[in-house]
Amino acid sequence: MIRRYRMAEIIDGKAVAAQIGEEIRRDIEAFVKKGNRTPHLTAILVGEDPASQIYVNNKMKTATTVGITSCTKSLPADISEKELLDVIDELNNDPNVDGILVQLPVPEHIDERKVCNAVAPEKDVDGFSVYNVGRMCLDMDSLIPATPLGVIELMRRNNIETFGKNAVVIGRSKNVGMPIAMLMHADGRNETKALDVTVTICHRFTPPKELAKYCSMADIIITATGVPGLITKEMVKPGACVIDVGITRITDPNTGKTKLVGDVDFEEVRQVAGWITPVPGGVGPMTVAMLMHNTFKAAKTLAKCE
């Protein structure tokens, strides 16, 4: 049964991510004590986008915290696609590298899909390659994209009831919305340990009235659009779980300062929801934590092959 609150219980992604990080740190310590090499993560950063630099720095700092060695290959924005693919190929063949991530987006002259598919599947800690996406969609064990995996883990660790429930996933991107929908609806008896939810997928072409209708019937709402204030109080079923993956930097008209907001009108929706994630501090920290999870998983798989 859906739990009902006067105010929603806030799902603290930062706290859960810290808990996962500590678990990974202990597991890596035990892994290394058995004679295995310390897991290593290499990030590729193309260009000098400030947001991308911040994201990569945060990932590298977290890697250090959990006991993963890391480095960042910073490449010029005008690097050719072939040169970038050559760098990836070199890392694919480096036995000391367990995980490779290419920070997206890449410059427009580079084919993003080609770059994602160039990363060796066993080192594809972002889970963006056709190989890993295909295995995930077939309910087979794979490296799953970190943000969707973080969303699922948040619900599991907060004991959100999912079996047989109705969910709306708003957003159909290939890296976030689609994998979340797949992991929500698939059979929990298979390798991905999915959540057995009945899922409705909405997107930018879903008429507002239809979006409101679907959301009002949902036990779980997961939104990943980058549209501030998209989900309002009137759209939410009392007691529902609301997971906000959206993140947008806006200017506060009262202070003139910038701040991060999600897709959900947080202060209003928390008055009717049963659970809600904040922005920042909700899904964001989980994405980084699950990237570390994937890196360690890749290291364990590669260690068995050596």
Side-chain angles (χ1 to χ4, degrees), residues 20 24 27-28 31 36-46 55-56 59-60 62-63 66 68-73 75 81-106 110-153 172-183 186-187 190-194 286-306:
I20 292 171
I24 294 171
D27 289 345
I28 288 176
F31 177 74
N36 294 294
R37 176 177 48 75
T38 300
H40 181 84
L41 172 66
T42 294
I44 298 174
L45 178 62
V46 184
Y55 294 147
V56 169
K59 293 169 184 177
M60 299 302 101
T62 303
V66 302
I68 294 172
T69 62
S70 65
C71 70
T72 300
K73 285 189 173 293
L75 305 175
E81 181 176 275
K82 182 183 183 305
E83 288 172 320
L84 175 56
L85 294 176
D86 286 344
V87 170
I88 294 171
D89 186 59
E90 181 182 341
L91 294 173
N92 286 341
N93 291 292
D94 188 337
N96 295 311
V97 174
D98 300 293
I100 302 168
L101 70 88
V102 182
Q103 183 64 40
L104 302 179
V106 290
I110 296 174
D111 186 330
E112 182 177 293
R113 178 50 52 198
K114 188 181 292 186
V115 167
C116 291
N117 286 332
V119 178
E122 65 275 16
K123 296 186 179 186
D124 172 31
V125 292
D126 272 330
F128 292 165
S129 71
V130 167
Y131 178 88
N132 280 316
V133 172
R135 287 182 64 87
M136 179 196 68
C137 290
L138 291 173
D139 273 353
M140 299 171 70
D141 185 51
S142 65
L143 289 168
I144 293 171
T147 296
L149 191 58
V151 168
I152 301 304
E153 194 65 19
R172 56 181 177 180
S173 72
K174 298 303 179 283
N175 297 339
V176 180
M178 183 276 287
I180 288 174
M182 293 299 300
L183 293 169
D187 195 328
N190 296 325
E191 291 178 356
T192 58
K193 305 299 181 185
M286 291 297 294
T287 296
V288 180
M290 302 320 290
L291 178 66
M292 300 305 119
H293 164 88
N294 281 352
T295 302
F296 182 40
K297 180 175 181 177
K300 289 185 290 183
T301 299
L302 290 167
K304 293 177 183 177
C305 298
E306 293 176 353

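Going from atom CE of Met286 over to atom NE2 of His293 covers 10.5 Å, rounded to the nearest 0.5 Å. Atom OG1 of Thr295 is separated from atom NZ of Lys123 by 12.0 Å, given to the nearest 0.5 angstrom. Here Asp86 contributes atom CG and Asn92 contributes atom CG; the two are 11.0 Å apart, rounded to the nearest 0.5 Å.
Screening Glu81, Glu112, Lys114 for a side-chain contact (heavy atoms from CB on, under 4.5 Å) with Val106, the sole residue that qualifies is Glu112.
With respect to Arg37 and Asp98, a salt bridge is recorded, a charged nitrogen being found less than 4.0 Å from a carboxylate O.
Put simply, the side chain of Ile44 does not reach to within 4.5 Å of the side chain of Gln103, judged on heavy atoms. You'll find the side chain of Ile100 stays beyond 4.5 Å of the side chain of Val125, heavy atoms only. Contact of the Phe128 side chain with the Leu104 side chain is registered, since non-hydrogen atoms from C-beta on lie closer than 4.5 Å. Residues Ser173 and Val176 are in side-chain contact: their nearest non-hydrogen atoms beyond the backbone lie under 4.5 Å apart.
In this structure, Asn132 contributes its side chain and Gly127 its backbone to no donor-acceptor pair below 3.5 Å.
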Worked check of side chain to side chain contact (heavy atoms under 4.5 Å, CB included) between Met60 and Leu41:
CA-CA 8 Å; Met60 299 302 101; Leu41 172 66; 3.7 Å; yes
Show your working on side chain to side chain contact (heavy atoms under 4.5 Å, CB included) between Lys73 and Leu45 and close with a plain yes or no.
CA-CA 6 Å; Lys73 285 189 173 293; Leu45 178 62; over 6 Å; no
Apply side chain to side chain donor-acceptor pair (under 3.5 Å) to the pair Thr192 and Asp139, showing each step before the final yes or no.
CA-CA 5 Å; Thr192 58; Asp139 273 353; 3.1 Å; yes
Side chain to side chain donor-acceptor pair (under 3.5 Å) between His40 and Thr42: does it pass, once the steps are laid out?
CA-CA 7 Å; His40 181 84; Thr42 294; 3.1 Å; yes
Should Lys297 and Asp141 be marked as a side chain to side chain contact (heavy atoms under 4.5 Å, CB included) after you check the CA-CA gap, both sets of side-chain angles, and the distance that decides it?
CA-CA 11 Å; Lys297 180 175 181 177; Asp141 185 51; 2.8 Å; yes
Under the side chain to side chain contact (heavy atoms under 4.5 Å, CB included) rule, what do Thr287 and Leu291 come out as? Steps first, then yes or no, please.
CA-CA 6 Å; Thr287 296; Leu291 178 66; 5.8 Å; no
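With 3.5 Å as the limit, one finds no donor-acceptor pair spanning the side chains of Thr38 and Thr69. A donor-acceptor contact under 3.5 angstrom links the side chains of Ser129 and Asp124, judged on distance only.
Closest non-hydrogen pair, Ala186 versus Ala194, comes out as O-CB, 3.2 Å.
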